[in-house]
Undergrad: 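Got a structure for you, questions after.
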Amino acid sequence: MAGVLPGEIRQIGYVVTDLDDAIADWTDMGVGPWFVLRDVPQKVTYRGAPCEVNVSLALSNSGDLQVELIQQLDETPSIFTEFLTATGGGFHQLAYWAEDFDAAMVKLGEAGWPRVWSGGEGEGVRFAYFEPPTGAAIVEIMELTEASAGMGAYVRAQAADWDGSDPVRELGGRRRPSGQL
């Protein structure tokens, strides 16, 4: 695998059935604060075909490692519903952030890794999920842009100074009533 992946693991991703319960569990382990996007429509390519799903996402850091929680909100067949059917949820992906996204796509294609999920074209940050030969169910490559690097740095800095207060910080989409995780 040396030379195929762009740099170091930057994020671990979990597919969950209840985002708020998962956030509460991670918060109980001292990880936070969580930056949450709810009811986000995603237009992607899933195993070569167009696909549209709605997801809610949460991001936090533990040291330099970002943790992502993903809950799909509909039953549309996807990389997430595949995983939930097979495992019931849990650790799903290792993510790498690529400064040269196109070069990373070429390397993974040459290595023969199947691309099973991709999107973000024309939306600012491209991403692609691959099925690796070992190590995780999925390896994600996310395009490192000024915006995605800035968000990553912000989440990391907030976690480094977190005092346990305000554990859930809504970034957009449908908002939870105040006081609820």
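These values consider heavy atoms only, across backbone and side chains, with no hydrogens, waters or symmetry-generated copies.
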Undergrad: With under 30° as parallel and over 60° as perpendicular, where do the rings of Tyr129 and Trp117 fit, or are they tilted in between?
TA: tilted
Undergrad: Got a second to check how far Gln71's CD is from Asp21's CG, nearest 0.5 Å?
TA: 9.0 Å
Undergrad: Is there a side chain to side chain contact (heavy atoms under 4.5 Å, CB included) between Thr45 and Arg115 once you walk through the steps?
TA: CA-CA 9 Å; Thr45 300; Arg115 185 187 306 198; over 6 Å; no
Undergrad: Applying a strict under-4.5 Å side-chain criterion to I, L, V, M, F, W and Y, I'd like to know whether Val155 and Leu37 cluster together.
TA: yes
Undergrad: Please check: side-chain N/O of Asp74 versus main-chain N/O of Asn54, any donor-acceptor pairing under 3.5 Å?
TA: yes
Undergrad: If every non-hydrogen atom of Ala58 is compared with every non-hydrogen atom of Leu19, which pair is closest and at what distance?
TA: CB-CD1, 3.9 Å
Undergrad: So, for Ala98 and Pro6, which heavy atoms are closest and what is the spacing to 0.1 Å?
TA: CB-CG, 3.9 Å
Undergrad: Grouping I, L, V, M, F, W and Y whenever their side-chain heavy atoms are under 4.5 Å apart, do Leu57 and Tyr46 come out in a common cluster?
TA: yes
Undergrad: Measuring only between side-chain heavy atoms, which start at C-beta, is Ser165 closer than 4.5 Å to Asp163?
TA: yes
Undergrad: Which atom pair, heavy atoms only, marks the closest approach of Asp39 to Ser56?
TA: N-OG, 3.0 Å
Undergrad: OH of Tyr154 to CG of Leu59: how many Å apart, nearest 0.5 Å?
TA: 12.5 Å
Undergrad: Measure the spacing between CD1 of Ile141 and CG of Leu108 and express it to the nearest 0.5 Å.
TA: 5.0 Å
Undergrad: For the OG1 atom of Thr145 and the CH2 atom of Trp97, what is their distance to the nearest 0.5 Å?
TA: 10.5 Å
Undergrad: Can Glu140 and Ile79 be said to form a side chain to side chain contact (heavy atoms under 4.5 Å, CB included), step by step?
TA: CA-CA 12 Å; Glu140 176 186 5; Ile79 201 69; over 6 Å; no
Undergrad: Return the CG to CH2 distance between Asn61 and Trp162, rounded to the nearest 0.5 Å.
TA: 12.5 Å
Undergrad: Do other residues, nucleotides or ligands put more than 12 heavy atoms under 6.0 Å from the CD atom of Glu99?
TA: no
Undergrad: Within this structure, what is the CD1-CH2 distance for the pair Ile138 and Trp113, rounded to the nearest 0.5 Å?
TA: 10.5 Å
Undergrad: What heavy-atom pair brings Ala137 and Phe83 nearest, and what distance separates the two atoms?
TA: CB-CE1, 4.1 Å
Undergrad: Would you kindly confirm whether Phe35 and Val40 end up in one hydrophobic cluster when ILVMFWY residues are joined by side chain heavy atoms under 4.5 Å apart?
TA: yes
Undergrad: Under a single-linkage definition using a 4.5 Å side-chain heavy-atom cutoff for Ile, Leu, Val, Met, Phe, Trp and Tyr, are Val4 and Leu94 assigned to the same hydrophobic cluster?
TA: yes
Undergrad: Check whether any side-chain heavy atom of Leu65 lies under 4.5 Å from a side-chain heavy atom of Ile9, and answer yes or no.
TA: yes
Undergrad: Would you indicate whether the side-chain heavy atoms of Ile23 and Pro167 approach each other to under 4.5 Å?
TA: no
Undergrad: Stepwise, does the side chain to side chain contact (heavy atoms under 4.5 Å, CB included) test hold for Gln72 with Leu84?
TA: CA-CA 10 Å; Gln72 185 171 321; Leu84 286 170; 5.6 Å; no
Undergrad: Using side-chain heavy atoms (C-beta onward) and a distance below 4.5 Å, is Phe130 in contact with Val116?
TA: no
Undergrad: With no hydrogens and no angle check, is any side-chain donor or acceptor of Ser148 less than 3.5 Å from a backbone partner on Glu143?
TA: yes
Undergrad: Fit a plane to each ring of Phe80 and His92, take the angle between them on a 0 to 90° scale, and name the class: parallel (under 30°), tilted (30 to 60°) or perpendicular (over 60°).
TA: tilted
Undergrad: Ion pair present between Arg38 and Asp20, side-chain N to carboxylate O less than 4.0 angstrom?
TA: yes
Undergrad: Looking at Arg10, Gln11, Arg156, which one forms a side chain to side chain donor-acceptor pair (under 3.5 Å) with Gln66?
TA: Gln11
Undergrad: Between Pro33 and Ala159, what is the shortest heavy-atom contact and its length?
TA: CD-CA, 3.9 Å
